[in-house]
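Okay, structure first, notes after.
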Amino acid sequence: MEENESRHMFLASDTRSELLSDVQKCLKSRNISYDKTSVVKRVRDLYDGDYCIPKGCLPKVTNEVLEEICAELIESNTNRHLKICKATTSKHFGLTFYLERPLTLKSTLVPFWQNRIAESSFCNVGKGKHVLVVSSDWHKRNSGDLENLRSTVLTEHVTYILKEAGYSVEAVRCCQQIKTLPELLDLKIPSIGLTDQISADCKELVKSLAMNNSYCKESHKSFDQRDSDVPCKHVKLEKDSSVCDTGDSVSKPYVVDRETGQHQTKVVLNLQQFVEDKQLLVGKDGYDKNLKFSEFLYGGDMISDTLTESYLLHEAVGKLQKYGAGTIVYVVPDSGYFSQQRVDLSTRAIWPQDHSHKHVYLVHGPVKSRRQTQANLKTAADFIQLRFSQMKAAALMKYGEEVNGPGWQSTISVLTSAGIKFEMLSTVSRSAVKLDLSEGESGTGNDNRTGSFVMYNCARLATLFKHYEDSVRKGQYPPLPDIKDVDFSLLREEDEWSLFFLYIFPYPDLIRETIEELVPTSGGISTKIHTHKICNLLINFSHSLSSYYSRTHILGENRPHLLPLMYARLYFLKIVFKVLSHALSLIGIEPMSQL
C-alpha cells in the first residue's frame, strides 16, 4: 500500500455508499428497479456477513440473477481500497456481503493511529463559521435546579461537538447572579450575571424604548391592532411582570406597585409585528404563535425579568460581534422554551442592528425521580453530594479502609463527575431524564454505574499499557514495532472484528451524524444535534470491550512466534483506548490512567 493511501481515513459510510452504487449499477444493467434498494450494516452475528440488502428490497429478483450479481460485485471490487471478499444470497437477505478483514483492518487502523480520529470532511463543516451556545438559569424558577444542571452539561457537550466539527465556538450562561458552577463537575463555562450596573442600564433603556424603537409603545392600544383591547394570549408559565396577566386589560399604560403604591409605566414590545417583518417561521417548527407582546415596566425599583434577560443575552451575543454573523444555539428546558423565545425576540427587536445572527434551539426534557423517594434534594449541589457519597460507599465496600486520602478523594470525584454526565447525556435530549434519588445501599450506583464502568475499562487498558512498558524497560519484552510493520491479519477472533466493525470503523461517521443539521434548511428553529449518541456509544463499546478483555490473553510469552499476535492486539487496544478517550473528551471527561 502506498504511503499516501495508508494515511487516508476510510469512512464506513463511504464503503456502504460505494457498495450500494455497485449494486444499483448491476440492477440497472438488468432493467431491474433499484429505487428502494438499501445496504444495511449488520450489528450481530458478523460471521454471517457485514452488510446486507434485505429481501424486501429485491422482491422480484430471482436467485439465479442474485448469484450473477454476487459474482459481478466480487469482480468489480478489485480496485476498491476496502474490498468485498464474498457475496452470497440467503433465505432472509437478498444479498449478504463480507468485507476482506485483513485489508479493512490495515487500511483503517493505521490511519486511526497516525491521524486525528475524526479526520474527514466533517472536520471542515464549520470552518470559518462561528457559534454562541447559550444556557440560562433564569428558567429554573419554572423547571428546577436539576434541569438547569442538565442544561449546563448539554451546553458543554454541544460546545465540544461543534468545535470538533471545526466551528469557532463560545459558550456562556446567563445567570440571575454570577456564581461558580459545581467544582466537582469541572464545567468550564463563563457566566454573565445581573449586577447593579446592568440594573441601572436596564432602567435607562426602558425609558427610551417607546421613543426610539418602532416596535415599542407605552400601551398595546397604541399599536392600533385589531385585537389591541383583548387580553394578551400566551402560554402561561407563571405570573410575573414580564408577561401580561390574562385578566388585565392590555391597554393600560401604567400599573401600580402593590407594595410601594408607586406608579410604574408600562412599555409594550410588539413581538408579533417583529416576527412578521422578519418573516420568521411560526408554528410547529418555528416560534410560538402566542408570542404577541412583551411588557417592560419602569418606575420605582421594578425591572421586568424579560428585559433583564434580554439585556444579559445582548451582552452575551456581543461575543459574536467581532466575527460578524454567526449562529446562536439556545440550550433550554422544555418548560422554559416559550419564555426563552420571548427573550430571544425581545432582544432582537430592541437591538435589531446587532442581531443578524441565526437563532436555533436545543430543547431538552425535564429531570424527574424514577420512583418515590424520601431524599430531600432541593438543589443540584444536593444531588451531586448524594452521588459522591454513594460512589464513596461503593468504593469502601470494594476496597475497605484503603479508601482515604487526597488520591482517593480525587478518584471518587472524577468517577462521580463522569457518572452524573452520563446520567444527563445518555437520554435523548427531548426525553425526560429519570434519576434514582434514593439514598443508602439500595440506591448506590444504580444510575451512576455506567459512567464509572466506562472509566474502569479505560483504566484497565491504561494499566495494561503501563505494565507492558515496564516490562520492556526490564527487558522482558521487545518494544513495539512501527504500526506499518504489524500484521493485523492475526486478529482473527470474532470479538476483535465486532469491536472494530461496530465501534472503531464507524466512529468518524458517528461524530458527523451527531450534528445532523445545526441550522434547519426549512427555516425552523429546532437544531438537530443528537446529544445522546456519543454517550451511548461509550456504554455499548465498554460492555463489548469488557467481554473481550476478560476472555482474551493480551501479553503472552516472549517467544518469536507469539510476539506478532501480541503486537497486533496491543496496537488494536491502543486504538480502542484512543477512540474511548476521544469520545470522553467530547463530554468533558478525562479518562483514568489507573485503577
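Only this structure's heavy atoms are used, side chains among them; waters, hydrogens and symmetry mates stay out.
- R42 pairs by the salt bridge (Lys or Arg N to Asp or Glu O under 4.0 Å) definition with nothing, not counting sequence neighbours.
- Residues satisfying the side-chain contact (heavy atoms from CB on, under 4.5 Å) criterion with A316, sequence neighbours excluded, are L132, V172, C174, I192.
- Remark: K578 NZ is packed, more than 12 non-hydrogen atoms of other residues, nucleotides or ligands lying under 6.0 Å away.
- Applying the side-chain contact (heavy atoms from CB on, under 4.5 Å) test to D495 and every residue at least two apart in sequence or in another chain returns Y548, R551.
- S339 places a side-chain N or O within donor-acceptor distance of the main-chain N or O of G336, the cut-off being under 3.5 Å.
- In terms of modelled atom types and a separation under 3.5 Å, the side chain of R569 and the main chain of H553 share a donor-acceptor contact.
- One N or O on the side chain of S452 and one on the backbone of R449 form a donor-acceptor pair closer than 3.5 Å.
- For the pair K55 and F93, the cation-pi criterion (under 6.0 Å, within 45° of the ring axis) is not fulfilled.
- A side-chain donor from one of R512 and S13 sits under 3.5 Å from a side-chain acceptor of the other.
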For residues 528-541, dump all side-chain donor-acceptor pairs below 3.5 Å to protein atoms at least two apart in sequence or in another chain.
unit_1 : atom_1 : unit_2 : atom_2 : d
H530   : NE2    : E516   : OE1    : 2.7
N536   : ND2    : H532   : O      : 3.4
N540   : ND2    : N536   : O      : 3.2

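- The side-chain contact (heavy atoms from CB on, under 4.5 Å) test applied to V360 returns T327, V329, V519, P520, T527, not counting sequence neighbours.
- At a cut-off of 3.5 Å, with distance as the only test, a side-chain donor of Y287 or D344 sits close to an acceptor on the other residue.
- Scored by the side-chain contact (heavy atoms from CB on, under 4.5 Å) test, T155 finds V133, S135, T159, A171, I189, V331 as partners (sequence neighbours excluded).
- The heavy-atom pair separating C57 from T37 by the smallest distance is CB-CA, 4.0 Å.
- Side-chain contact, Y507 with D509: no donor N or O sits under 3.5 Å from an acceptor N or O.
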